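The structure appears right after this line, and notes come after that.
In what follows, every heavy atom counts, from backbone to side chain, and hydrogens, waters and symmetry copies are set aside. The shown structure was predicted, so the numbers you read here are calculated from the model rather than taken from an experiment.
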Amino acid sequence: MNKLIFCLQPLPHPSRSRAKAAIDAAADGDKVAISPPGKTRDQEERYHAMIGDIAKVALFMGKKQHKDDWKRLLVDAFAKAMRDAGTPLHHDGRVMPSLDFERVVQLGIQTKDFYIAEASQFIEYLYSFGAENDVKWSDPQEYKA
């Protein structure tokens with residue numbers, strides 16, 4: 001059987017009965033996973049715009065950093081805040097030494113894997129960070145591709 005994905009809708013939508021029928025027809029050993037929905041494109045555009053705004057004004061280690069570097073720093077700080085709150089990300093990261101043991105490498109956390117709720121919490125985290133660092137928010141529309 002090919003991989004099937006169902007976006008469950010409120011009853012009486014047929015998506016639920018179709019999902020149940022697919023489970024009934026599945027072979028022994030097939031896997032079933034139910035997961036929260038992934039982040040939306042609007043959320044992604046919003047947090048990328050916010051990270052760009054942060055990169056324009058905030059300093060780290062006494063200087064401005066590239067927005068890609070800020071993204072990694074902010075996602076790592078957000079993941080730590082979530083762990084500290086007792087609600088770690090569903091795909092939490094870890095650090096390991098580099099292959100030559102000269103650096104530390106962050107693994108595992110990527111915003112592309114955020115659930116909708118995690119993306120919302122990340123946006124709230126960015127608002128808080130921005131408030132503490134005098135960030136002036138621009139219009140997220142100007143960051144659209």
Side-chain angles (χ1 to χ4, degrees), residues 1-23 26 30-145:
M1 178 190 302
N2 292 327
K3 182 176 182 177
L4 300 173
I5 298 174
F6 297 91
C7 182
L8 301 177
Q9 303 294 322
L11 291 173
H13 194 274
S15 62
R16 291 180 182 271
S17 59
R18 288 182 186 144
K20 290 174 187 173
I23 290 170
D30 281 357
K31 296 179 182 179
V32 175
I34 297 176
S35 65
K39 64 171 174 49
T40 67
R41 183 74 178 135
D42 285 344
Q43 288 177 309
E44 183 179 19
E45 289 170 358
R46 169 67 53 98
Y47 64 67
H48 279 136
M50 295 174 78
I51 292 167
D53 290 341
I54 290 168
K56 289 177 187 175
V57 299
L59 302 178
F60 180 67
M61 296 178 50
K63 64 179 188 174
K64 289 186 177 183
Q65 304 295 326
H66 188 274
K67 68 181 177 180
D68 291 340
D69 298 336
W70 268 113
K71 182 177 179 182
R72 289 183 178 267
L73 291 165
L74 290 162
V75 168
D76 178 73
F78 170 66
K80 181 185 183 310
M82 295 296 285
R83 280 190 303 274
D84 291 350
T87 55
L89 298 174
H90 81 278
H91 63 292
D92 202 5
R94 61 208 178 280
V95 293
M96 295 179 71
S98 62
L99 295 176
D100 60 10
F101 295 96
E102 293 184 6
R103 297 167 306 284
V104 175
V105 180
Q106 171 74 35
L107 304 172
I109 303 172
Q110 294 191 20
T111 57
K112 71 179 182 74
D113 296 325
F114 279 176
Y115 291 147
I116 285 178
E118 292 171 331
S120 293
Q121 291 169 314
F122 183 50
I123 290 167
E124 290 303 314
Y125 179 85
L126 294 176
Y127 276 123
S128 175
F129 183 90
E132 293 172 6
N133 289 277
D134 298 320
V135 173
K136 305 275 187 282
W137 303 116
S138 62
D139 179 3
Q141 297 297 318
E142 73 185 57
Y143 290 92
K144 286 189 175 184

Mind listing the side-chain donor-acceptor pairs of residues 8-16 below 3.5 Å, one per line with the distance, residues two or more places apart or on another chain?
{"unit_1": "H13", "atom_1": "ND1", "unit_2": "S15", "atom_2": "N", "d": "3.1"}
{"unit_1": "H13", "atom_1": "ND1", "unit_2": "S15", "atom_2": "OG", "d": "3.2"}
{"unit_1": "S15", "atom_1": "OG", "unit_2": "Q9", "atom_2": "N", "d": "3.0"}
{"unit_1": "R16", "atom_1": "NE", "unit_2": "Q9", "atom_2": "O", "d": "2.9"}

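- Taking 4.5 Å as the limit, every side-chain heavy atom of Q121 sits out of range of all side-chain heavy atoms of E124.
- Looking only at side-chain heavy atoms (C-beta outward), D92 and I109 come within less than 4.5 Å of each other.
- Checking T111 against E44 by side-chain atom types alone, no donor-acceptor pair falls below 3.5 Å.
- The shortest non-hydrogen separation linking K39 to K112 is CE-CA, 3.6 Å.
- Of the listed residues (F129, F78, Y47), just one forms a ring-ring contact (aromatic ring centres under 6.0 Å, His included) with W70, and that residue is F129.
- Closest approach of V95 to Q106, counting heavy atoms only: CG1-OE1, 3.3 Å.
- Remark: Q65 CD to I54 CD1 distance equals 13.0 Å, nearest 0.5 Å.
- When side chains are defined from C-beta on, D134 does not count as touching V57, because their heavy atoms never get closer than 4.5 Å.
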query = Can you list the steps and then say if K20 with I23 is a side chain to side chain contact (heavy atoms under 4.5 Å, CB included)?
reply = CA-CA 5 Å; K20 290 174 187 173; I23 290 170; 5.6 Å; no
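- With sequence neighbours excluded, the residues satisfying side-chain hydrogen bond (donor to acceptor under 3.5 Å, both in side chains) with R103 are D100.
- With values rounded to the nearest 0.5 angstrom, L126 atom CG is found 5.5 Å from L74 atom CG.
- Remark: E118 CD to D113 CG distance equals 9.0 Å, nearest 0.5 Å.
- With a 6.0 Å radius and a threshold of 12 heavy atoms from other residues, nucleotides or ligands, L59 has its CG atom above the threshold.
- Inter-residue side-chain proximity for M50 and I123 is flagged as met; some heavy-atom pair is nearer than 4.5 Å.
- Looking only at distances, no side-chain donor or acceptor of K64 sits under 3.5 Å from a matching main-chain atom of A55.
- Between R72 and D76, no side-chain nitrogen of the basic residue sits less than 4.0 Å from a carboxylate oxygen of the acidic one, so the salt-bridge criterion is not met.
- Residues passing the ring-ring contact (aromatic ring centres under 6.0 Å, His included) test with H90 are Y115, sequence neighbours excluded.
- Donor-acceptor pairing under 3.5 Å is recorded for the side chains of K71 and H48.
- Between F60 and N133, the closest side-chain pair of non-hydrogen atoms is not below 4.5 Å.
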